[in-house]
Amino acid sequence: MVNIKEDQHLNTLNHSCAHLLAQAVSHLYPGAKFWVGPVISDGFYYDMDLGDVSLKEEDLAAIEKEMKKIAKDGKKIVRHELSKEEALAMFKDDPYKIDLINNMDEADTVISCYTQGDFTDLCRGPHVASVKELKHFKLLKVSGAYYKNDAKNKMLQRVYGVCYDSKEDLDAHLYMLEEAKKRDHRKLGKELGLFMISEYAPGCPFFLPNGMILRNQLENFWYEEHTKAGYVFIKSPIIMSRELWETSGHWDHYRNNMYTTKVDEHDFAIKPMNCPGSLLVYKNGLHSYRDLPIRMGELGLVHRHEASGALNGLFRVRSFTQDDAHIFMREDQTESEVIRLIEFIDKFYKVFGLTYDIELSTRPDEGYIGSIDTWDRAEKALSDACHHAGKECKVNPGDGAFYGPKLDFHVHDSLNRVWQCATIQLDMNLPERFDISYIDENGEKKRPLMLHRVVFGSIERFIGIIIEHFGGAFPLWLAPKQVVIVPVHHEKHLAYAKKVKAALEAVGLRAEVDDRNEKLGYRVREAQTMKVPYTLVVGDGEEADGSVTVRRLKHKETASMSLDECIKLLDTINRDKTYEE
């Protein structure tokens, strides 16, 4: 999907359409008042106060009709500039606009508004030249939204919509939205028995048996690849004392997002991040320059307090496992280590069929630590590493963390939606705070640099992403149920079906026999509904010649092959982690 907010033309088009929506609502609901109508990544919305009127989804058609009528009339959209006094006078009967005006930055000595026909709205702009350019739009849904996003304030009504230049582009967008609904990881997670959320633990997912198979496969893959790449592994405690978090800076700067408790009248906190634990492990021993780099991995369970309204399936949770690694290195090793990491992350994402863009976030304008010279060297090392790894990186100026620059990997899924997953962060702060060191070739203590990095980001969120990316139809190696064997007659062919199952399990494949007293077609369709990659049907003919009839998910065609041939094929696909559509 195109990020409408980041596309200058579509941004302008959608913001203009938000004003068109407001104008239509003002015609249909006289007395309506409007708060804000920003552009978002997949369209726009407008928050409005309609008094006692409560909009329903079926009301959107009438609003669309009025919008089309206004657009056909073709009025120009005209910008006006006002002083603060003029703006207050113009919107004197609208408390929401008065609030906006009174809270504007003092530097905004000139306030702008836009007029189209009988409707004027406060706005910085820009807008398209005329409402006649707003032909291809769709209102998508209506929901509630608190004024200023504060639950203590009045509940407003929020109408969402989207606008494109052409019917074809709009239709394509709407198709993708429908596909996204079908792939919703919360819906598929329930249908496929992957995970659940309980009211007894908001934001803390429970993984069900099928979900644990998927999760274990991901974690096993993670450990295997990291072992090959020379990582060592640790496990740090979930709860640690206040003094540790004061040393790391989290107690002062992140405490509102941390869960704290008292043990023996002493303050403790459940870890929101794994980094301090890794630093304690590093500091536990002496290190020579010859030991570096040390690549230290941890699948660490962390907890962060998120607002209840922000919780969203596996995408936004309070309890999650970060696939962390911390690399302790000499400064001269920075570029080579980052190149290794980029190639490592690239290898991971290729397995899942995910493409990505890389963004380099550089030194903030203020509040950073370290010298500008150190920052310049660090940023150059990250940029050069991307170049030498054969990757382009877009520079995001001033968006680095206060402790160092970073590379963020923006992953594109099968619907071309973008997710921020992997990151490589160069840290010049925590090594100083924890006073870690190594002995250089001259026998002197030196401060190592530290790289924070994740590949998945978090196990839970990545599972949510790949559920939607694959639409629940996982590649063979990840699928909780890899093969279902369906005997034509549940009793007559059961013994042969069990023989096939045992042969598959002997090479490490996960297989089940569906011997229920149901029709053959029903059992085959159910295996497809449960998105099992391979269904093997066995009857008289298959039993007689030691074969199976193979049906792949999403394919109507079947193929007959010997059992040995089938096992060899599935074993190869499983071991190679290939994905077949």
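If you're wondering where the values come from, they're calculated on a predicted model, not measured in any experiment. Only this structure's heavy atoms are used, side chains among them; waters, hydrogens and symmetry mates stay out.
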- prompt: Going through the checks in order, is the side chain to side chain contact (heavy atoms under 4.5 Å, CB included) test met by W222 and I459?
  reply: CA-CA 10 Å; W222 189 91; I459 298 292; 5.6 Å; no
- prompt: side-chain hydrogen bond (donor to acceptor under 3.5 Å, both in side chains) between N3 and S41: does it pass, once the steps are laid out?
  reply: CA-CA 5 Å; N3 188 327; S41 61; 4.9 Å; no
- request: May I have the step-by-step check of side chain to side chain contact (heavy atoms under 4.5 Å, CB included) for V532 and E512, ending in yes or no?
  value: CA-CA 10 Å; V532 179; E512 292 186 5; over 6 Å; no
message: What verdict does the side chain to side chain contact (heavy atoms under 4.5 Å, CB included) test give for L415 and R183, after you've listed the backbone C-alpha separation in whole Å, the side-chain angles of each residue and the deciding distance to 0.1 Å?
response: CA-CA 10 Å; L415 296 183; R183 293 167 178 254; 3.8 Å; yes
task: With side-chain hydrogen bond (donor to acceptor under 3.5 Å, both in side chains) as the test, would you mind laying out the steps for H136 and D171 before giving the verdict?
output: CA-CA 9 Å; H136 307 290; D171 287 346; over 6 Å; no
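Atoms CD and CG, on Q322 and N274 in that order, are 5.5 Å from each other to the nearest 0.5 Å. Rounding to the nearest 0.5 Å places CG of L301 at 8.5 Å from SG of C204. A distance of 12.0 Å separates CG of D42 from CG of L10, quoted to the nearest 0.5 Å. Atoms CG and OG, from L122 and S112 in turn, are 7.0 Å apart once rounded to the nearest 0.5 Å. To the nearest 0.5 Å, atom NE2 of residue H19 and atom SG of residue C113 are 10.0 Å apart. We find the CG-OH distance between L21 and Y45 to be 13.0 Å, quoted to the nearest 0.5 Å.
One side chain, Y164 or H173, offers a donor N or O that lies under 3.5 Å from an acceptor on the other. Looking only at atom types and distance, the side chain of D59 has no donor-acceptor partner in the side chain of Y29 under 3.5 Å away. Q23 and D121 are not linked by any side-chain donor-acceptor pair at a separation below 3.5 angstrom, with hydrogens and angles left out of the test. Defined by atom type and a distance below 3.5 Å, a donor-acceptor pair is missing between the side-chain atoms of Y96 and D47. A donor-acceptor pair shorter than 3.5 Å cannot be found between the side chains of D323 and H226.
Taking a cutoff of 4.0 Å between a charged side-chain nitrogen and a carboxylate oxygen, K406 and E359 do not qualify as a salt bridge. Ion pairing of E526 with R523 is absent here, as no side-chain N (NZ or NE/NH1/NH2) approaches a carboxylate O to less than 4.0 Å. Ion pairing of K394 with D357 is absent here, as no side-chain N (NZ or NE/NH1/NH2) approaches a carboxylate O to less than 4.0 Å. Taking a cutoff of 4.0 Å between a charged side-chain nitrogen and a carboxylate oxygen, K148 and D150 do not qualify as a salt bridge. Taking a cutoff of 4.0 Å between a charged side-chain nitrogen and a carboxylate oxygen, K350 and D346 qualify as a salt bridge. In summary, R340 and E343 do not engage in a salt bridge, as defined by a charged side-chain N under 4.0 Å from a carboxylate O.
Between D99 and N103, the closest side-chain pair of non-hydrogen atoms falls below 4.5 Å. In this structure, the side chains of L536 and L504 come closer than 4.5 Å at one or more pairs of heavy atoms. Put simply, the side chain of N220 reaches to within 4.5 Å of the side chain of Q217, judged on heavy atoms. Considering only heavy atoms from C-beta on, E191 stays 4.5 Å or farther from K531 through its side chain. In this structure, the side chains of I197 and V317 stay at 4.5 Å or more apart for every pair of heavy atoms. Side-chain atoms of L194 and L188, non-hydrogen and from C-beta on, never get closer than 4.5 Å to each other. Residues D7 and I4 form no side-chain contact, since every pair of their non-hydrogen atoms from C-beta on lies 4.5 Å or further apart. Inter-residue side-chain proximity for D49 and Y147 is flagged as unmet; no heavy-atom pair is nearer than 4.5 Å.
Looking at every heavy atom in both residues, Y114 comes nearest to P126 through OH-CA, 3.8 Å. Across all their heavy atoms, P480 and R510 have their closest contact at O-NE, 3.3 Å. Residues M561 and C566 approach most closely at SD-CA, 3.5 Å, considering heavy atoms. Nearest heavy atom pair, residue L354 against residue D413, reads CD2-CA, 4.0 Å. The minimum heavy-atom distance between L314 and P205, with the atom names listed, is CD2-CB, 3.6 Å. Scanning both residues, A22 and F119, for their nearest heavy atoms gives CB-CZ, 3.5 Å.
A side-chain donor-acceptor contact under 3.5 Å links N14 to the backbone of C163. N396 places no side-chain N or O within 3.5 Å of a backbone atom of L360 that could act as its donor or acceptor partner. Without hydrogens or angle criteria, E460 side chain to T321 main chain gives a donor-acceptor distance under 3.5 Å. Here the side chain of R304 pairs a donor or acceptor atom with the backbone of P272 at under 3.5 angstrom. Of the possible donor and acceptor atoms, one in the side chain of S16 sits under 3.5 Å from a partner among the backbone N and O of V128. Without hydrogens or angle criteria, E64 side chain to L139 main chain gives a donor-acceptor distance under 3.5 Å. Here the side chain of E66 pairs no donor or acceptor atom with the backbone of L28 at under 3.5 angstrom. For K97 (side chain) and W35 (main-chain N/O), a donor-acceptor pair under 3.5 Å exists by modelled atom type. Judged by distance alone, the side chain of Q482 and the main-chain N or O of L476 form a donor-acceptor pair under 3.5 Å. Side-chain N or O atoms of H303 include none that pairs as donor or acceptor with a backbone N or O of R318 at under 3.5 Å.
In this structure, E57 places its CD atom where more than 12 heavy-atom neighbours from other residues, nucleotides or ligands lie under 6.0 Å away. No more than 12 heavy-atom neighbours from other residues, nucleotides or ligands sit within 6.0 angstrom of CD on E392. More than 12 heavy atoms of other shown residues, nucleotides or ligands fall within 6.0 angstrom of atom NZ in K577.
Exactly one residue among R186, K182, K187 makes a side chain to side chain donor-acceptor pair (under 3.5 Å) with D184. That residue is R186.
Below 30°, between 30° and 60°, or above 60°: for Y349 and F409 the angle between ring planes is above 60°, a perpendicular geometry. Taking the six-membered ring where tryptophan is involved, the planes of F195 and H185 are essentially parallel, since the angle between them stays under 30° and well short of 60°. F221 and F348 have tilted rings, their planes meeting at an angle from 30° to 60° on a 0 to 90° scale. Ring orientation note: the planes of Y46 and F34 are nearly perpendicular, at an angle over 60° on the 30°/60° scale. Relative orientation of the F456 and F352 rings is perpendicular, given thresholds of 30° and 60° on the angle between their planes. The aromatic rings of W419 and F315 are tilted relative to each other, their planes meeting at an angle between 30° and 60°.
Judged by the 6.0 Å distance and 45° axis criteria, K141 is positioned over the aromatic ring of Y160.
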